[in-house]
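Here's the structure we're looking at; comments come further down.
All residue numbers in this chain count up from 1 along the given sequence. Values below: every heavy atom of this structure, side chains too, minus hydrogens, waters and symmetry copies. Note that this is a predicted model, so its numbers are computed, not measured.
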Amino acid sequence: DQVTYFKDPVTWSILPETNLTGTEINGGTPLPIELMLDLGDNIWLLGVVDDGVLKMVKVRVAGSEISEWLGTRSDKHYDPSCAVQVTFREACWGAGDDLPRDAYPVSLRATEDGVGTSLGMCRGDVAQPLGDGSNGTNCPSAMVEGTTCAAQCNYGAIPNGTFICFAGKIRLESVCPGHGSVMIGDKVLFTLAAVASKCLKLERLRTILANALEVDRDIVKGVFCKAGKQVQLPEDARLAGQSTARGLTIGGELNTGGASEALDLLPRVAQLPNKT
């Protein structure tokens, strides 16, 4: 079927509810996509590893559930890096063998860029790769909470580190090797559950977290607080006489001086004292 396109089309990003289907997928049971790559102009590579075979479909997205088929390929002898989201790249498609269009039908779920950011999504296009050996990232324009992406490196080099969509923001770093040197430290990314009447101001929360972890306030970055549902409090634990409070998710990043310091901080994060 032909899909008609107009000037200034909407930009779409793939959601993880997208499946590859058909009798050649998982014995006829649909599989959620494990791999995705934004090629621009709403063209996406989608893939799964099924029964030891890398199975891929290229589509142009035209709506939340509408796509135009552009190709299907499989690779029984795929490079192991092609089975990992952060290193899934166009060369993985190039190494595959062509298959008929109905080999792995796509059950698409997509979102318009800029829609749903309040539902735990991030703008992947703001991720900035480090190193002079990079040529962009493989981050989709809209990233679902908890998904990762990485720098795209020249000459097939493997990036060091990944970006992650976390609390509505792209966090951590990804760097490509090159002629110049880039200094990046190890980071600890953490979240904590709490109950309170409301979120504190972030600078105040940053100070509290630094004191609780016994670290310099300057290494505590990207602090956030998300208010959740109201919860009923028992009588002996009421806050200022209130019978209800908000469930909060708080957290941030700790920019440490190295791997050993990062490891030392992990147990402190896991056992923050009740006074916080």
Side-chain angles (χ1 to χ4, degrees), residues 113-130 137 139 141-150 161-175 182-276:
D113 275 10
V115 175
T117 53
S118 62
L119 301 178
M121 299 188 71
C122 305
R123 285 188 55 195
D125 55 0
V126 303
Q128 296 294 319
L130 300 177
T137 75
C139 304
S141 298
M143 292 180 64
V144 177
E145 178 88 1
T147 57
T148 60
C149 58
T162 58
F163 302 107
I164 184 170
C165 172
F166 197 73
K169 179 181 176 181
I170 297 295
R171 300 173 186 272
L172 305 184
E173 295 166 335
S174 184
V175 60
V182 176
M183 297 297 294
I184 60 172
D186 290 83
K187 291 189 175 183
V188 176
L189 186 62
F190 67 94
T191 60
L192 303 166
V195 175
S197 57
K198 62 180 181 180
C199 283
L200 296 174
K201 291 184 178 181
L202 295 185
E203 286 303 305
R204 172 62 177 154
L205 182 58
R206 182 183 178 193
T207 299
I208 292 173
L209 290 171
N211 290 339
L213 292 167
E214 300 177 352
V215 298
D216 191 307
R217 187 175 182 275
D218 289 341
I219 78 166
V220 182
K221 305 289 186 180
V223 172
F224 63 88
C225 178
K226 295 196 300 182
K229 296 180 179 180
Q230 281 195 330
V231 295
Q232 192 72 30
L233 298 174
E235 290 189 10
D236 60 351
R238 293 188 174 181
L239 301 173
Q242 299 297 314
S243 60
T244 61
R246 292 280 182 183
L248 306 180
T249 301
I250 62 177
E253 302 171 30
L254 303 176
N255 295 341
T256 68
S260 60
E261 185 177 345
L263 290 173
D264 289 342
L265 281 172
L266 289 177
R268 294 193 222 170
V269 172
Q271 298 179 13
L272 282 175
N274 293 331
K275 64 183 180 183
T276 62

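Here R206 contributes atom CZ and K221 contributes atom NZ; the two are 5.0 Å apart, rounded to the nearest 0.5 Å. Interatomic distance, SG of C139 versus CG of D125, reported as 9.0 Å (0.5 Å rounding). Between the CZ atom of F163 and the CD1 atom of I170 there is a distance of 8.0 Å, given to the nearest 0.5 Å. In this structure, the separation between CZ on R171 and CD1 on I164 is 9.5 Å, given to the nearest 0.5 Å. We find the NZ-CG distance between K201 and L205 to be 13.0 Å, quoted to the nearest 0.5 Å. Going from atom CG of L209 over to atom CD1 of I219 covers 11.0 Å, rounded to the nearest 0.5 Å.
Remark: R217 engages E203 in a salt bridge (Lys or Arg N to Asp or Glu O under 4.0 Å) (not counting sequence neighbours).
Closest non-hydrogen pair, D216 versus D218, comes out as OD1-N, 2.8 Å. Here the shortest heavy-atom pairing between M143 and C165 reads O-SG, 3.5 Å.
Counting only heavy atoms from C-beta outward, the side chains of S174 and T162 never approach each other to under 4.5 Å.
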